[in-house]
Amino acid sequence: MVFVPLLAVFVLIAVVGPLLVGDPAATGFEKLLPPTAEHLLGTDHLGRDYLARVVHGGQISLLVGFSVAVLCMTIGLVVGGLAGFHGGWMDTVMVKLAEFFQVLPGIVLALVAAALLGANVFIIVAILSVTMWPAVARIVRAEAMRISQLGYVESSKAAGFRSVRIIWSDVIPNAMPPVLVATSMTVGRAILIESGLAYLGIGDPGRPSWGALLNSAQAYMRDGWWLAVAPGLCIFLVVLAVNMLGDSLNDAYNPTVGRVK
């Protein structure tokens, strides 16, 4: 209950904040000015208001995190649901497909994609989604295999309902609790990986995220400590909030938690 409002505040700032702060590219202020009443987070080495840059950077980081999580959940539900429900050759093919994408190194793919296609937000989201969806698909597959053996699913099969309808109406809704937990964890992982890539210089230079701000701040740690503290603290708090949310969802959906047998 503490971290859900915190996460909601960050999301609200990312959505509404860019409309309230100034232009993050404006350079008409004093350089490396520490936090003051006029500039709450100071200014950077080019005289830009750092609050505006952190707010706009949060928009990119959260967009990447939530977009990757939604894409991973969508692909995982489709692939894992079909594999777990049908089994047989379809299960074998989809498991091998998931294993192939799971072993692909995301950082290497990002480097290659940045060299060939250019580094932008959409490329980063696509690469992270391609390398992270197998974790969700494995959970969906296991749940689909379990649920497909239950009585109400067998009754639906005996009644002649199509497989697509059974998966959509019976299997996926009952498999959602662990999927939601895994998806919430994916948000934090995606933000951390994107921040790491941006820190290495693999990111959209026109739309810097928190990781890119950390990359720019490392050369001014002695004279502008706030340049690293602000985006680093934002990454820490957001990832902590989504991970605690995932733990809370796991406790809420797990009927054995808190019970002594």
Side-chain angles (χ1 to χ4, degrees), residues 1-17 55 57-81 83-84 98 101-102 104 106-107 110 121-122 124-147 167-168 171-198 209-211 231-259:
M1 298 306 296
V2 174
F3 290 100
V4 169
L6 178 62
L7 182 61
V9 168
F10 273 100
V11 173
L12 182 63
I13 292 175
V15 175
V16 182
V55 169
Q59 191 177 48
I60 301 301
S61 294
L62 291 176
L63 174 64
V64 171
F66 285 103
S67 298
V68 171
V70 170
L71 286 175
C72 288
M73 183 179 68
T74 303
I75 300 173
L77 286 174
V78 174
V79 175
F101 283 105
Q102 196 167 19
L104 291 177
I107 294 181
V121 176
F122 303 104
I124 299 299
V125 169
I127 292 172
L128 295 183
S129 301
V130 164
T131 56
M132 294 175 66
W133 68 263
V136 180
R138 288 180 177 276
I139 296 175
V140 178
R141 172 179 173 269
E143 287 295 304
M145 293 177 66
R146 179 185 64 84
I147 295 171
I167 294 174
W168 178 255
V171 176
I172 290 181
N174 289 282
M176 284 306 294
V179 173
L180 291 176
V181 176
T183 301
S184 65
M185 296 294 186
T186 303
V187 176
R189 289 178 54 210
I191 292 176
L192 282 177
I193 296 175
E194 187 279 331
S195 299
L197 292 173
S209 65
W210 287 332
L233 186 61
C234 289
I235 294 172
F236 169 75
L237 291 177
V238 170
V239 173
L240 178 63
V242 295
N243 285 342
M244 293 299 294
L245 176 61
D247 289 339
S248 300
L249 290 174
N250 183 51
D251 294 343
Y253 289 129
N254 190 344
T256 64
V257 172
R259 298 181 182 180

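Everything numeric in this text was worked out from a predicted model, so none of it was measured.
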Over all heavy atoms of both residues, which pair between [X] and [Y] is shortest? Give the atoms and the distance, please.
X: Ile191; Y: Gly65; value: CG1-CA, 3.8 Å
X: Val55; Y: Gly17; value: CG1-C, 3.6 Å
X: Ala14; Y: Gln59; value: O-NE2, 3.2 Å
X: Ser209; Y: Glu194; value: OG-OE2, 2.8 Å
X: Ala182; Y: Val136; value: CB-CG2, 4.5 Å
X: Gly211; Y: Ile235; value: N-CD1, 4.3 Å

For this session: Could you list all the side chain to side chain donor-acceptor pair (under 3.5 Å) pairs where at least one residue sits in residues 236-248, not counting sequence neighbours?
Result: none
Reported [atom1]-to-[atom2] distance for the pair [X] and [Y], which is rounded to 0.5 angstrom:
X: Met185; Y: Met132; atom1: CE; atom2: CE; result: 12.0 Å
X: Leu237; Y: Phe10; atom1: CG; atom2: CZ; result: 4.5 Å
X: Leu71; Y: Thr183; atom1: CG; atom2: OG1; result: 11.0 Å
X: Leu249; Y: Leu180; atom1: CG; atom2: CG; result: 6.5 Å
X: Ser67; Y: Ile124; atom1: OG; atom2: CD1; result: 12.5 Å
X: Met73; Y: Ile139; atom1: CE; atom2: CD1; result: 12.5 Å

Exercise. In chain order, what residues pass the ring-ring contact (aromatic ring centres under 6.0 Å, His included) check against Trp133, with sequence neighbours excluded?
Worked result: Phe101
Exercise. Taking Ser184 for the side chain and Leu245 for the main chain, is one N or O donor matched with an acceptor at less than 3.5 Å?
Worked result: no
Exercise. Do Val68 and Thr186 come close enough that some side-chain heavy atom pair is under 4.5 Å?
Worked result: yes
Seminar exercise, completed: Here the salt bridge (Lys or Arg N to Asp or Glu O under 4.0 Å) pairs for residues 128-140, sequence neighbours left out, are Glu99-Arg138
